[in-house]
2 protein chains.
Amino acid sequence: MTAAAHASSADQVLDVLLHQTEPVTRPFLATSCGLSRPTIFAAIQQLEQRGLVQAVGQQSGTPGRSATLYEVPEGAGALAAVDIGGSNLRVAIADLRGQLVGEQHEPTARPGGPAIVAQAIELLRSTLLASRMAAVPLRTIGVSVPGVLEHDGRTVRYASNIDQFEPFDFATPFADAFDTVVILDNNVNLAAMAERWRGAARELSTFAVVAVGAGIGAGIVHEGRVMRGAHGAAGEVAFLPPFGTRRKVDARAHDEAGGLSLLHDAQSRSGWRGDPPTTVEDLFRRAAAGERPAATLVEEECARIASVIASICAVIDPETVVLTGGVGDNDQLIARAGSLTEAMIPFPPTLIRSGLGDRASLIGAVHLAAQSAKQELVEDTSG
Amino acid sequence: MTAAAHASSADQVLDVLLHQTEPVTRPFLATSCGLSRPTIFAAIQQLEQRGLVQAVGQQSGTPGRSATLYEVPEGAGALAAVDIGGSNLRVAIADLRGQLVGEQHEPTARPGGPAIVAQAIELLRSTLLASRMAAVPLRTIGVSVPGVLEHDGRTVRYASNIDQFEPFDFATPFADAFDTVVILDNNVNLAAMAERWRGAARELSTFAVVAVGAGIGAGIVHEGRVMRGAHGAAGEVAFLPPFGTRRKVDARAHDEAGGLSLLHDAQSRSGWRGDPPTTVEDLFRRAAAGERPAATLVEEECARIASVIASICAVIDPETVVLTGGVGDNDQLIARAGSLTEAMIPFPPTLIRSGLGDRASLIGAVHLAAQSAKQELVEDTSG
DNA sequence: TCCATTTGTTAGGCAACTTGCTTATTGAAT
DNA sequence: ATTCAATAAGCAAGTTGCCTAACAAATGGA
């Protein structure tokens, strides 16, 4: 009922420990939490009893008594992440800090929510067993879904990308199979958070991720929070007026190696010297060489992307735009789209490539699971 | 250095009191703060000693002992607000809760930052003296400026609207004249916050305010926070690709009764039956009657506005868009622009008129001053 | 008049931190 | 080897900020 949870000292300490990659000392925790050493001592004792912290040796080399080093042991819990895409299924296992200890992917076998979820559960199970976390309790599964998440946090709509046209509950099958907390979010939102967590947008609190692949979509982060929109449609830049509804519902399907609409357009043009290009790299190479239909196509695509970026800037003015997706994750395109953008608006953003490529949504799902697990570990004490 | 200020009980109580319009009892404060009665008792005692709370009678009518009623007295402090516009200068005096006790406006006499600031100081002084707050200490002045605020919080750029082309410090003259804290923000941002505080967007945490007047600009609020953008250019929708840079720097000059670009366009068209329209109302009336150049102009303007709204929706998907400004604050335009928007995107927002009209930025400046004053009253105790 | 009810006030207590002190180690200087 | 300065570890008492419990005071209605 009362508003503020007022994170206790143990929670603060755990929070700091989960951000660390190396073991740390109690005096370090004291200064970084702003608490006194006795308080840290008590907090560490509590956390040790709960198995969330372990002493792992002594610090040496400095004058004075050597401090005990502590870390969150791998046995404290495992996280799982699943990225459900139209052509690829990715899973990962991580420790509570979000450090990956196992990752696998395979082509999507059959379309449709139930089939893909069954495949994902199998793949996740085998990846978990193959990892060194097989015996560790699985705390949370984060799932990246290609559609709009309803307010119940379980049901996904408009996942046309995987031929799931009816609303489908992607959470319960995982929860039943692994008897764990399952948390879902949209793939573009997760990709955006992943870029901020471990990708190209580290240290940025307001930016946009533009994914160009089968369609075009954007994930927008404002002051560290993903913009979702009233209808879950924030970032649906395929609907921007200059384009109308030409490329619409599948706009979020940005993680597909096949099905790139730019390649599709290319193959339906005539006038190629030899065969039409079959890869994005080939198309860009031929465009750079001045080959006629290639150069025109690339220039048109860059203009479209520049127009989308300019529109995003006119509305939210991000400092940085991260480009990703099968088409977008390309230096040549970024350079050209960047100079076109600069001609359109007086306050252009910095354009950078994704730091994570097509693993962005998966990494985002790991982050989601890590956040959720942390929150639950904190709520254990107060609730 | 340490992060959380962890609002003390007195701060919480003050916060609740500042949101109340009527005096309240201590038991009410206890339940609404989630604190016990003894704690409230102590907090009220502290606040009374600081002159921030006063007993103002007894509650009666209910069974049981009658409770003492408390409120923040007017003597606790005064706030001032200034809205610097290209054609009008507005000032207001309010109590700490933001309740207006005096308001005046007059046409801007001469352009340029220094002249307008001098005029504003005069007008503010006379308004303060004429109000019943003349003897009350002035805590904070909130100023709405027609330009981009630099990171120092004092210097304003691009105030071309008032013929101030060089960066100018709008804060120091007020601070010197009244020996008080002065806080500035952009007029569109303040108008947006005002709509949320006391206008059409009450209870909404994510929405956009689109101002159509001399130009077109937008203020965007995401989860209760105004989006500013990396260059202070968030909401500069005049730069959206379909329009190019046709209407640019003066886009934020939305509060001007004169200088409406739609009227300007109208007067430069030929083919009017009689004189061209001189007011927006006249133009819309003649358009509704089917008069030729009027109907075309209005339809074009509505299409432009719908396109801007659709672009905003494709990027941030707000639930509601508030329309304001000399042209935008008009039912006929809102109805037409609304139906055009619905044809452009599948997740249209609700369009509503401003609840505050051309006083929005001034009300926003009052809000800004009230927030700043509250923060300082809180920091007094902890710092 | 008495009573149920609600407010006002005091007293005591507890949780979560703090500061200040003593003790235990450690690397380097003598 | 011994000593010293520096740092960590651990203990004791004090402070803060809130709570619950209990009771006194005031009020409308039976």
Side-chain angles (χ1 to χ4, degrees), chain A residues 1-17 23-50 53-71 378 380-383, chain B residues 1-17 22-50 53-71 378-383:
Chain A
M1 206 77 212
T2 339
H6 186 233
S8 81
S9 60
D11 297 340
Q12 277 182 74
V13 169
L14 184 58
D15 196 73
V16 171
L17 280 166
V24 294
T25 65
R26 284 181 284 191
F28 171 86
L29 288 169
T31 53
S32 83
C33 293
L35 295 168
S36 69
R37 286 192 295 275
T39 305
I40 299 296
F41 182 85
I44 287 281
Q45 235 176 4
Q46 271 182 50
L47 293 171
E48 254 181 329
Q49 275 170 19
R50 292 170 60 198
V53 160
Q54 218 173 31
V56 288
Q58 304 281 117
Q59 194 176 44
S60 67
T62 52
R65 181 169 176 176
S66 51
T68 317
L69 291 165
Y70 292 88
E71 70 172 6
V378 165
D380 268 8
T381 15
S382 56
Chain B
M1 207 76 212
T2 340
H6 186 235
S8 81
S9 59
D11 297 339
Q12 277 183 76
V13 168
L14 183 59
D15 195 72
V16 171
L17 280 165
E22 297 295 306
V24 294
T25 67
R26 282 180 284 193
F28 170 86
L29 288 168
T31 52
S32 82
C33 295
L35 297 169
S36 70
R37 288 198 297 279
T39 305
I40 299 295
F41 180 84
I44 286 280
Q45 235 176 5
Q46 271 182 50
L47 293 171
E48 253 180 330
Q49 274 169 19
R50 293 172 60 199
V53 159
Q54 217 172 30
V56 289
Q58 304 282 115
Q59 194 177 46
S60 68
T62 52
R65 182 171 177 174
S66 50
T68 317
L69 291 164
Y70 290 89
E71 71 172 4
V378 165
E379 279 177 359
D380 267 8
T381 15
S382 56

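Side-chain atoms are counted along with the backbone in the values below, which use heavy atoms only and exclude waters and symmetry mates. Note on naming: letters A, B, ... go to the chains in the order of the sequence lines (proteins, then strands), and numbering restarts at 1 for each one.
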Open item on the list: Could you measure the distance from the CD atom of B:Gln58 to the OG1 atom of B:Thr68? Nearest 0.5 Å is fine.
Closed with: 4.5 Å

Open item on the list: Strictly below 4.0 Å: does A:Ser8 bring a side-chain N or O up to OP1 or OP2 of C:dA16?
Closed with: no

TODO: Find the distance between CG (B:Leu29) and CG (B:Asp15) and round it off to the nearest 0.5 Å.
DONE: 11.0 Å

- [ ] Quickly work out the A:Leu29 CG to D:dA8 P distance and round it to whole Å.
- [x] 12 Å

- [ ] Find the distance A:Gln45:CD to D:dA9:P and express it as a whole number of Å.
- [x] 13 Å

Task: Spacing between A:Arg65 atom CZ and D:dA9 atom C1', to the nearest angstrom - done: 5 Å

Open item on the list: The side chain of A:Phe41 is closest to which nucleotide in this list: D:dA9, C:dT9, D:dG10?
Closed with: D:dG10

Open item on the list: Measuring from atom CD of A:Gln54 to atom CG of A:Leu17, what distance do you get when rounded to the nearest 0.5 angstrom?
Closed with: 12.0 Å

Open item on the list: Just the rounded figure in Å: distance from P of C:dT6 to CD of B:Gln58.
Closed with: 17 Å

Open item on the list: Pick the closest DNA chain D nucleotide for B:Ser36 and for A:Thr62 by heavy atoms, then say which residue is nearer the 5' end.
Closed with: A:Thr62

Task: Protein-nucleotide distance (B:Tyr70, atom OH; C:dG8, atom C1'), rounded to Å - done: 9 Å

TODO: Identify whether any heavy atom of B:Thr25 sits under 4.0 Å from a base atom; if not, whether one sits that close to sugar-phosphate; answer base, sugar-phosphate or nothing.
DONE: nothing

Open item on the list: Please compare B:Leu69 and A:Pro63 by the position of their nearest nucleotide in DNA chain C and report the one closer to 5'.
Closed with: B:Leu69

Task: Distance, nearest 0.5 Å, that separates CG of B:Leu14 from CD1 of B:Ile44 - done: 9.5 Å

- [ ] Report the distance from atom CD1 of B:Ile40 to atom P of C:dT9, rounded to the nearest whole Å.
- [x] 14 Å

TODO: Could you check which of D:dC18, C:dG8, D:dT27 has an atom nearest any side-chain atom of B:Ser9?
DONE: D:dC18

- [ ] With the side chain of B:Ser66 defined as its heavy atoms from C-beta on, choose the nearest nucleotide among D:dA26, D:dG10, D:dC19.
- [x] D:dA26

Task: A:Asp11 CG to C:dA16 P, straight-line distance once rounded to whole Å - done: 11 Å

Open item on the list: If you only use heavy atoms from C-beta on, which nucleotide in C:dT9, D:dC19, D:dA26 is closest to the side chain of B:Thr39?
Closed with: D:dC19

Open item on the list: Students often get this wrong, so: under 4.0 angstrom with heavy atoms, is A:Ser60 touching a base, only sugar-phosphate, or nothing?
Closed with: nothing

Open item on the list: Using OP1 and OP2 only, check whether a side-chain N or O of B:Arg26 sits under 4.0 Å from C:dT6.
Closed with: no

Task: Inter-residue atom distance B:Thr31.OG1 - B:Arg26.CZ, 0.5 Å rounding - done: 14.0 Å

Task: Residue B:Pro38, side-chain heavy atoms: nucleotide from D:dA8, D:dT20, C:dC17 that is nearest - done: D:dT20

TODO: Return the value, rounded to whole Å, for the distance between atom CZ of B:Arg37 and atom P of D:dA24.
DONE: 16 Å

